[in-house]
Amino acid sequence: MKKFRLAALAMAGVLGLGAANAFAADIAKPQDEGWTFTVAPYLWASGIKGESGLFGFPPQDVDVSFSDVLQHLKFGFMGLTEARNGPFTISTDIVYAKLDANIGTPQGILASNIDATVSTFMGTALGGYSVYYQDGTNFDLVAGARLWSVDNKFDFNGGALGGSSASDGDTWVDPVIGAKFKADVGNGIYLAGWGLVGGFGAGSKSMWDVMGGAGYQFNDKMSMFVGYRAVHDNYSHDGFVNKLTQQGPILGLTYQFSPAHPG
């Protein structure tokens, strides 16, 4: 059913336009002392597969490409920040997407067409500590939470339901734990990655998030990163089902600065 496909597009829009909550930490160079801050816009060109369900209907199979997401995207915001002081880190990742679509109906009896609007928010906050932190390499243990919120609204035009509307969605929080690493390999090139797991039945039944890739440090402040990321989430409540796996390449640019050393 098309409304289930749209819900899947929304989840792709939220995740598909985002890299990851730990991205900035991976590419930041360790500092001996004082706070260092990193901001990073990013793009995740991902597709999505799995099952999605609304209004208590049986979940529908989903297979959505990144081009489908871009076709329906009306507005998106995504970005992350990280603050590091020695081995201690605090990072946040906020992603918001709004998708609109007009859905035609086969017979036009209940409605001639449906205006669908889907808004999705994902926010992650992590605290971390580097158990290994020297020679341009760090290995961090992290823990925190990921907030999800999905709102699906359908406005019916014409037919028996003309002028009416319906909505479905949910908000949930997943506890998250995991690890990140970054390693310089010389000539400005570095490797980075992470692995996160969460949910544990407190929000989602299960959730995992893995990434790996390489970057290039242009100077002390600017760098670029390319990699591949996959995320799985398994959540259901009161007829709302989100059992999806999303994966694809990522591209990010970062800017790092230290108030103590602005130059």
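Residue numbers start at 1 and run along the sequence shown.
Comment: R84 engages D140 in a salt bridge, judged by a side-chain N to carboxylate O separation of less than 4.0 angstrom.
To the nearest 0.5 Å, atom OG of residue S204 and atom CH2 of residue W148 are 7.0 Å apart. One finds the CG atom of L253 at 13.0 Å from the OH atom of Y42 (value rounded to the nearest 0.5 Å). Note that the OG atom of S91 and the CG atom of L126 stand 4.5 Å from one another [nearest 0.5 Å]. Separating the CG atom in D220 from the CZ atom in F257 is a distance of 14.5 Å, to the nearest 0.5 Å. Distance check: K49 NZ to Q247 CD gives 7.5 Å after rounding to the nearest 0.5 Å. In this structure, the separation between OG1 on T92 and CD on E82 is 9.5 Å, given to the nearest 0.5 Å.
Taking the side chain as every heavy atom from C-beta outward, Y129 and L141 never approach each other to under 4.5 Å. By the 4.5 Å heavy-atom criterion applied to side chains, V197 and I177 are counted as neighbours. The shortest distance between side-chain heavy atoms of F240 and N152 falls below 4.5 Å. Counting only heavy atoms from C-beta outward, the side chains of M224 and L251 approach each other to under 4.5 Å. Looking at F121 and I94, their side chains come closer than 4.5 Å, going by heavy atoms from C-beta outward. For the pair M211/V231, no side-chain contact is recorded, criterion being any heavy-atom separation below 4.5 Å from C-beta on.
Proximity of a side-chain donor or acceptor of Y132 to a complementary backbone N or O of T137 within less than 3.5 Å is not detected.
Of the options D233, D209, D174, a salt bridge (Lys or Arg N to Asp or Glu O under 4.0 Å) to R146 is made by D209 and by none of the others.
What you find for A230 and W208 is that their closest heavy atoms are O-CZ3, 3.5 Å. Residues S52 and V62 come closest through the heavy atom pair CB-CG2, 3.7 Å. Residues S119 and Y96 approach most closely at OG-OH, 3.4 Å, considering heavy atoms. Minimum interatomic distance between G178 and L196 (heavy atoms only, all atoms of both residues): CA-CD2, 3.9 Å. Contact detail for Q217 and N219: the closest heavy-atom pair is NE2-O, 2.9 Å.
Taken together through direct or relayed side-chain contacts under 4.5 Å among Ile, Leu, Val, Met, Phe, Trp and Tyr, I90 and V131 form parts of separate hydrophobic clusters. One hydrophobic cluster, built from ILVMFWY side chains closer than 4.5 Å, holds both F200 and V210.
The distance between the ring centers of W172 and Y235 falls below 6.0 angstrom. Aromatic ring centres of F181 and F139: separated by at least 6.0 Å.
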